[in-house]
Every structure is written in C-alpha cells, then in structure tokens.
There are 2 protein chains.
Amino acid sequence: MNVKKELFSPIKSKRTFEQVSGKIKTLIFDGVLKPGDRLPSEIELARQFMVSRQTIREALRILELSGFINVQKGGSGGPLIKDTILNTINNLFLDAFRLEKITAAELTFARIEIEKLVLYHVIDNAEASDIQALQQNIQKAKLKIESNAISADENIEFHNLLAKATKNPVFEIVVGSIEAVVRDLLTRLTPDIETSGDSTGYNEGMLKSKNAVSDHEAILNAILNKNREKACLLLEQHLREVGERLQSLMD
Amino acid sequence: MNVKKELFSPIKSKRTFEQVSGKIKTLIFDGVLKPGDRLPSEIELARQFMVSRQTIREALRILELSGFINVQKGGSGGPLIKDTILNTINNLFLDAFRLEKITAAELTFARIEIEKLVLYHVIDNAEASDIQALQQNIQKAKLKIESNAISADENIEFHNLLAKATKNPVFEIVVGSIEAVVRDLLTRLTPDIETSGDSTGYNEGMLKSKNAVSDHEAILNAILNKNREKACLLLEQHLREVGERLQSLMD
DNA sequence: TCACATTTGTCCGTATGTATC
DNA sequence: AGATACATACGGACAAATGTG
C-alpha cells in the first residue's frame, strides 16, 4: 500500500479519454451543448483537446454508449447530441436481466406490483394531455390490427404512457426500463410469421395483440371513471396474461 | 425511404468494434467466459479477431462501460470479466436523473412508494439469512457511529438489503438504482467536514446518520414482528426525513 | 446524374508509462 | 532492481459512406 496514493490526491487521475468524455458530458449537463447540436469532427476535437484522434474516438464511444450522442458518417456528419439517454439505460437493463437470469415469473410479479402503484398515481395526477395520448395509442393500435398487423410497439408504449401520466419522471424511468425488457423478450421469443399483406387469418400473436388492446381500453375507461379497484384488477389480470405468454414462450 | 433498408435485413450490419464487443458479450451470456476470467491482451485479441488494436480498444471501451470487464494495466494485466454489471446501470441512472432534472421531492416520493412496496414482500419472503444481513448492517453502522464516523454507506446498503430480501431480483435492480442516486446526491451535497479522529462533538451529518440507524432498527423490529402497518409507517417517516434533508441540501 | 469534399471506420507502426514477476 | 507484459497514447494513412453542389 503506497502512502503517496493514500494521502495525496492522484496527480493523473483518469485516463485521457475519460477526461475528454467527462468534459463533454459536463458541457451537456450545463446546457452549453444542447440536443441537436453537432460536435466538431474527430479531427477538430483532437486538435482542440490536444489529444490524438484515437483518444477522441474512445471518448466518443463512451458518450455514444451512454446515450449522449449519435455518430453519423459522411459529409456534414459527425457526433450529434441526442435528446434523451433513457433508451440507453434500457439497453443496459436488458443486459442485467439476461445476466442475472431473471425469470419471466419474477419479471411479471414485479411488473404487476409496480404498475399497480403507477396506476394509483395516474388516477390522481393524469392531465388531459396524458389521457389524450393514451386514447391515441389505443386508436393507433386498433388501426394496426384492422390492417392485419401486430400492435406490439403500441401495446408496450401504453404502459410507458401510463407511467408518464404519473407526472413523476422516476416512475417513467423505472417502468420504461421494465417495459424494455418485456419488449425485448417478446420480440426475441415471438416467431416472426411472414404474413405481411397476406390475409391468411389470425395467428397467435395477432390474437394476443388484439386482446391486449381491448384490455388497455378497459383499463383506460376505469381510469376515466376514477375507479381505482377496477383499474387495478383489470391491469393485474392483463399483466398476468402477458406474463403467462412470456412464460410459455420461454420454454 | 429506402426499400432495401426497410424490407431486407442490413447487409453490413454493424461496425467492426460492435461486432467484437457483441461477440464477447455473447460469450459471457453463454457462460463460456465467467467472472474472474481474464481476456487475452489487446494484441492477442486483435490477432485472433483479425482486426486492428484500435478496433479492439473501442470494443473494450464498450464492454468496460457496460460493466462487463475491468481493465488492468501492467504485466499480467488485461481485461478481467466482472461479476456484476449492476453498478454500471446505476451510473447511467445517475446521468439520467441529472439530465432529466429530477427534483428531490420527486425522487423521495417515488422512493417511498417503491420501498413501501418492497417492505410488503420482505415481510412475506425474507429468509433468515436476509434478516441476519440486515442485523449485521445495523451493527456495523452502530460501530461506525461509536467511533465517531458517519455510516453513510451502511445506511444506503440497508435499503438495498431490504430489496434483496424480497427474493425478487427485479426489485433489487430497481431499488439499487434509486439508492445509487440518493447516495450520489448525499455524497455530492454533504460538505466533508475534516474531523477524522477529532472528537469535537457532533455535526449535522453525524446526527442524521445516527437517527437513520435507529430508524432502521425500528423498521427491522417491525418486520420481525410481521407488523406491516408499523413497518410501513416507520419507513415512510424515515424516508420523508431523508427527503427533507436532500431538499435542504439542494438549495 | 455525377463528381467532390467531408467525416467516420479501420489499419499500421511506434513510443511511453506502469504494474507484475 | 531489472526484465517483461500490458494498457495508454500518438501520428500517419487509406477505405467507405454520405451529404452537397
């Protein structure tokens, strides 16, 4: 154990690329760099930071994975500040769920409990715009189903919109992460049946998708009637069915 | 809108470093690479994957930030497979909380609701080992306080242990993320008073720390008595106080 | 439509600091 | 203390992609 390291602060604390990514991150936090802004090219960044291009690239990888920037190739391309980093969190959640070997049952159980909690606060805090967004979501899903398509994205989005209607961003993040896992499991496990444009009748996914939409509609109605108990019951029933589907798919 | 891109899968899917990091990630998911295993050096990886070192380095940056590996310098160093990626998630959560400008009140509110939920399932599902871990946590915190130190880490850990006692890893992840934000806020906002070894009496942090420990003890007792209502009430009161402290520190 | 400039993606070679044996 | 192994960082170069005129 080195005394110098213990008592005195590290002279060269972080690796260069970490300093670079940290600096840029700070600029974003402080609002100096805003979503939509474009960073200078790698070469220009290297010149300004007085480091090599390799170092800049490693810093950009960090920012990219953290969800702060997108990188576009070609003329007038370059690193672009993104508007949200939530999607990135969801991706990491996915990794964690796979690594921690979480079962469908555990996921469903927690999902039910947390979304019931969310539902409570939706009834209290939802604004007109939230209700409208939920209604639009259901309409969009219905349209998809009428045109013989699966409304998987819309069905997931419904739950995210619910969380948003709590008016508490923490719930948004938590639910968003869980929904991302559900979406991932569904898309990975559902066999894609090549029936686009083909009307050879319903398949399993279509039927489930349709049921989900009507479930959502019933839940929304219960919310509008401020009927907590009914809304909770419907939600639990709905999520339980989805959970059973997940379970069966994972066999 | 390019038809080729819409209908058919991408021919050249990903950048090389993404393919490399993806490949290694898969090996970890599949259990071929286990925690504690050491990856070959950058040069060796470059040779085996038949790519350049820069490409390998960018892949390693991704794996490092995703929490899959640690990188050690020096002889017989190299990339080391880590045992958990949860800490990384927490770091990204931190970014999100800062970026989304979440208030102390919103954080506290959600924390109370979610931890109350957790508490419910702790009473149902906690095993003897969980109870023991909670008791040890409290003892450790008491010892720290007796020796005039702040038990900040232990106090945060108490809540993580509660989540663990639900026996549902989803709750663990969710609570762990929230606690990481709380810890970050507390450590960043609390002025470090240089009184190590100095017994010039209590300061604000010490007092709060001590109160927290006795709160935790009371909560644990209520859990042992299977007294749901009391446990919930105590927890809510405790978290509300912490929340007020956060609020006052953020001014 | 087509050539051009810009920018990322990738490779190679080299030098340096640092931790381990 | 010296040798070794490794990550870190630099510079130059070319290919590929993409927007622009």
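Order of the sequence lines sets the chain letters (A, B, ...), proteins ahead of strands, with each chain counted from 1. The shown structure was predicted, so the numbers you read here are calculated from the model rather than taken from an experiment. Note that these values count all heavy atoms, side chains included, but never hydrogens, waters or copies made by symmetry.
Atom-to-atom, CZ of B:Arg38 to C1' of C:dT20 comes out at 11 Å; the value is rounded to the nearest Å. The distance from atom CD of B:Gln19 to atom P of C:dG9 is 13 Å, rounded to the nearest whole Å. Rounded to a whole Å, the NZ atom of B:Lys73 is 7 Å from the C1' atom of D:dA7. The distance between atom CD of B:Gln72 and atom C1' of D:dT8, rounded to the nearest whole Å, is 15 Å. In this entry the distance linking CG of A:Asn70 with C1' of D:dG19 reads 17 Å, nearest Å. Rounded to whole angstrom, the span from the CD atom of A:Glu18 across to the C1' atom of D:dA9 amounts to 14 Å. For B:Leu80 and C:dA19, the CG to C1' distance is 15 Å, given to the nearest whole Å.
The minimum heavy-atom distance between A:Val20 and A:Ala59, with the atom names listed, is CG1-CB, 3.6 Å.
Within the structure, the salt bridge (charged side-chain N to carboxylate O under 4.0 Å, His left out) test picks out the following pairs touching residues 45-57 of chain A (sequence neighbours left out): A:Glu42-A:Arg53, A:Glu42-A:Arg57, A:Glu44-A:Arg47, A:Arg57-B:Glu58. Contacts classified as side-chain hydrogen bond (donor to acceptor under 3.5 Å, both in side chains) and involving residues 20-37 of chain B (residues at least two apart or in different chains) are given here: A:Asp95-B:Lys25. Listed by first and then second residue, the ring pair (Phe, Tyr, Trp, His ring centres under 6.0 Å) pairs involving residues 139-165 of chain B are B:Phe158-B:His216, B:His159-B:His216, B:His159-B:His238 (not counting sequence neighbours).
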Treat primed atoms plus P, OP1 and OP2 as sugar-phosphate and everything else as base, then score nucleotides 11-16 of chain C 5' to 3': B for base contact with protein heavy atoms under 4.0 Å, S for sugar-phosphate contact only, - for none.
B--B--
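Judged by closest nucleotide on DNA chain D, B:Leu39 is the one of B:Leu39 and A:Gly77 placed further toward the 5' end. With the nearest nucleotide of DNA chain D identified for both A:Phe17 and A:Ser76, A:Phe17 has the one nearer the 5' end.
Within residues 58-66 of chain B, the residues approaching DNA chain D are B:Arg61, by heavy-atom distance under 4.0 Å.
Taking 4.5 Å as the limit, some side-chain heavy atom of B:Thr103 sits within range of a side-chain heavy atom of B:Glu106. Inter-residue side-chain proximity for B:Gln136 and B:Gln132 is flagged as met; some heavy-atom pair is nearer than 4.5 Å.
Within 6.0 Å of atom NZ in A:Lys144, more than 12 heavy atoms from other residues, nucleotides or ligands are found, so the atom counts as buried in its surroundings. No more than 12 heavy-atom neighbours from other residues, nucleotides or ligands sit within 6.0 angstrom of NZ on B:Lys140.
With sequence neighbours left out, A:Phe171 forms a ring pair (Phe, Tyr, Trp, His ring centres under 6.0 Å) with A:His121.
For A:Glu42, the side-chain atoms get nearest to C:dT8 when compared with the rest of C:dT8, C:dT10, D:dT8.
Distances shown here put every side-chain N or O of A:Arg57 at or beyond 4.0 Å from the OP1 or OP2 atom of C:dT8.
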